[in-house]
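The block underneath contains the structure these notes are about, expressed in structure tokens.
As the structure lists them, so they are numbered: ligands from 1, and atoms in each ligand from 1.
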Amino acid sequence: MDKVNIGLSPKSRTKVISVLSGVIADQYILYTKTRNYHWNVTGEDFAQYHKLFEEQYSAIDEDIDDVAERIRALGGKTPATLAEFVKAATLKEHPGKYPSAKAMIANLLADHETVIRSLRKAIEICDDVDDDGTEDFLTQLMEKHEKTAWMLRATIES
Ligand SMILES: [Fe+2]
């Protein structure tokens with residue numbers, strides 16, 4: 001770990017870096033799944049979903065960069081291989097499956113909700129070690145997922 005003198009002990013930073021490494025792993029899976037659905041969605045609402053998924057994976061892509069750079073700011077090396085992401089992620093992929101547009105939305109909603117619950121725990125860990133910066137950062141990230149989850153939920157409500 002890099003020498004960083006910002007008032008957080010190496011032990012605290014190690015803990016937060018480990019939390020952020022879990023966050024980026026799930027973000028990467030969710031990014032890939034959303035992009036998969038952007039490519040493979042079919043049906044009469046194709047254009048609408050194709051565009052919605054693009055907006056969502058683009059937003060997640062930016063968040064991934066922020067999480068990675070937050071790990072670096074805390075003195076850690078960011079996990080940056082697909083193998084590490086798949087291993088550390090709690091979200092699951094479903095290779096070879098091409099669900100209906102409605103099922104895609106439901107899958108993404110479930111994943112965003114899983115991420116929100118993980119982030120809520122991650123925020124508490126940051127609070128325990130007095131890392132106000134990461135606590136604030138992850139709170140904002142959680143709010144973005146809550147908003148996306150609402151939009152997905154509203155899309156499948158009849
Ligand atoms: Fe595209």
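- Contact between A106 and I156 at its shortest, heavy atoms only, is CA-CD1, 4.1 Å.
- Within a radius of less than 2.8 Å around the Fe ion (ligand 1), the protein N, O or S atoms are H38 NE2.
- Evaluation of the side-chain hydrogen bond (donor to acceptor under 3.5 Å, both in side chains) test over residues 88-106, restricted to residues two or more places apart or in two chains, returns D26-T90.
- A salt bridge is defined here as a Lys NZ or Arg NE, NH1 or NH2 lying under 4.0 Å from an Asp or Glu carboxylate O, and E146 with R120 meets this definition.
- Looking only at distances, no side-chain donor or acceptor of D45 sits under 3.5 Å from a matching main-chain atom of Q48.
- With a 4.5 Å cut-off on side-chain heavy atoms, L141 and Q27 count as touching.
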I would like to know whether S21 and S18 meet side chain to side chain donor-acceptor pair (under 3.5 Å); could you show each step before the answer?
CA-CA 5 Å; S21 299; S18 153; over 6 Å; no
